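Heads up: numbering here begins at 1 and tracks the sequence. In listed order, ligands and their atoms are each counted from 1. All values reported here derive from a predicted model rather than from experimental measurement.
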Amino acid sequence: MLNVYKAKPKASLLGKTFTFHIDDSDYEVHGISKHEQKIAFVSAALPGEKVQARVLEDKAGFLKASTVKVLQASALRITPPCRFAVQCGGCQLQHISINNQRELKQQGIDKLIRHQTGLVNLPWQPMLTAADSGYRRRARIGIWYDKKQRRLSVGFRQSADKQIVAVDNCMVLSPMLAPVFKVLNQVLSQLKDPTAITHAEVLEAGGNAFVILRHIKALTDAEQQLFINAWPEAVWLGEAEPGAFNYWQQPVVPQYQLTEQQLSLQFAPDDFIQVNAALNQQMVTQALNWLNISANDTVLDLYSGIGNFTLALAQRAKTVRAIEGVAKMVQQLATNAKLNGLSNVEAYQADLHLAWPKAQWNRPVYNKVLLDPARAGAQGATEQIVKLKPAQILYVSCNAATFARDARVLLQGGYKLDKIGGVDMFAHTSHLELMALFSR
Ligand SMILES: C[S@@+](CC[C@H](N)C(=O)[O-])C[C@H]1O[C@@H](n2cnc3c(N)ncnc32)[C@H](O)[C@@H]1O
């Protein structure tokens, strides 16, 4: 019988703690180290540091680990301004000052894009920034009731595990939404069955605080009234099934303004909106300036959502065609165009990651294209944009890794990168929004 030699599988390192020497940092400001031939990405660790970190993922080529103790600290390390920062999963970079965060994020992204595209120098523009606290106008609040211990936790998901970290405030959340933690703690503990509510979504829109409670069991009128009495200024909604919203009082349509453009956009509680109002405004204005939109332009706005860029583009352009995957947001976009008196907008539903259909909107008639995909990027769509041969493409991205991949396709398609700039939309987190202008 043939004896086939099989290497003994190596024991998993998952859950084990090791010492790591950090040499560098990546585009999300994770420390980079090595452990027995494997590259290790260590969260909350800075170049030059020695840390103890617990392994959270052990893959064939790399490890992911989370710092549990700093043995030798970098001069860049500061005490996080929020006391929940170490456990909470929301902000990953509070151990670095805001200015250094911005610099490190841009440096890491610069390296990644140069590596992926072969470009030598990137034409970086000044980063758009705004207040680094109280900026979030939307958040999901986790709720967990431990039946055995009869203990309620209201807060955010822990960075390493899936546990809820109980918090009583959040420094990046809009001050208007601050009462939510106290109110949920107070009322949930009075309910007969606190497990009826699985999580809450808070939203600031048009000067109102909205609280949407996702519940898996029916709530009585008396229970609803407990919430309303605890925070009467808020607009309360129940969500029994995903997307099925039930206003408990007089309905109020959520909306936000782009004040510089004097535009007002309505949306449903589960529609996508940019999380940081101040930076969204700056980003929309910069898009108009970079694309230098005028009355001669025919513009294609891809991944258009409810029309955040579309309407501002349409105020100056000849025509704007907007494409979005979610049908109800396409409807909302058309309504928003009407409400703002814009008749040069056409909105279409399409999955941009499939082969584009023969359609009115899919013709090479555009001189300018804006795309603003979700974190997955625009794989498949970028090739089809190149076929339309627009003179300029503005790519707005919330994920540098997928942007770098897609940018390579645009460069191979004959475009050059004219401008790139960061937008610090998610201060204290490892994410940086990017705007990049390409031309041919
Ligand atoms: C980052 S949001 C941007 C929305 C809008 N531009 C804004 O600024 O509010 C990305 C949008 O892309 C849409 N989307 C995601 N995948 C898509 C796909 N495969 N085809 C079309 N739209 C898609 C989402 O529904 C979402 O509205």
*Asks:* Could you pull out every N or O of ligand 1 that sits under 3.5 Å from a protein N or O, with the distance for each pair?
*Replies:*
| unit_1 | atom_1 | unit_2 | atom_2 | d |
| --- | --- | --- | --- | --- |
| ligand 1 | 6 (N) | Y303 | O | 3.0 |
| ligand 1 | 6 (N) | D372 | OD2 | 2.9 |
| ligand 1 | 8 (O) | Q274 | NE2 | 2.8 |
| ligand 1 | 8 (O) | N308 | ND2 | 3.0 |
| ligand 1 | 8 (O) | D372 | OD2 | 3.1 |
| ligand 1 | 19 (N) | D351 | OD1 | 2.8 |
| ligand 1 | 19 (N) | H353 | ND1 | 3.3 |
| ligand 1 | 20 (N) | L352 | N | 2.9 |
| ligand 1 | 22 (N) | G325 | N | 3.0 |
| ligand 1 | 25 (O) | E324 | OE2 | 2.7 |
| ligand 1 | 27 (O) | E324 | OE1 | 2.8 |
| ligand 1 | 27 (O) | E324 | OE2 | 3.4 |

*Asks:* Where does the angle between the aromatic ring planes of F156 and F181 fall among parallel (under 30°), tilted (30 to 60°) and perpendicular (over 60°)?
*Replies:* perpendicular
*Asks:* If the threshold is 4.0 Å, N to carboxylate O, is there a salt bridge linking D297 and R316?
*Replies:* no
*Asks:* Looking only at side chains, do S264 and Q257 share a donor and an acceptor under 3.5 Å apart?
*Replies:* yes
*Asks:* Do T195 and D193 have a side chain donor and acceptor closer than 3.5 Å?
*Replies:* yes
*Asks:* Distance under 6.0 Å and angle within 45° of the ring axis: does R321 meet both against Y366?
*Replies:* no
*Asks:* Any sub-3.5 Å donor-acceptor pair from Q101's side-chain atoms to L93's backbone N or O?
*Replies:* yes
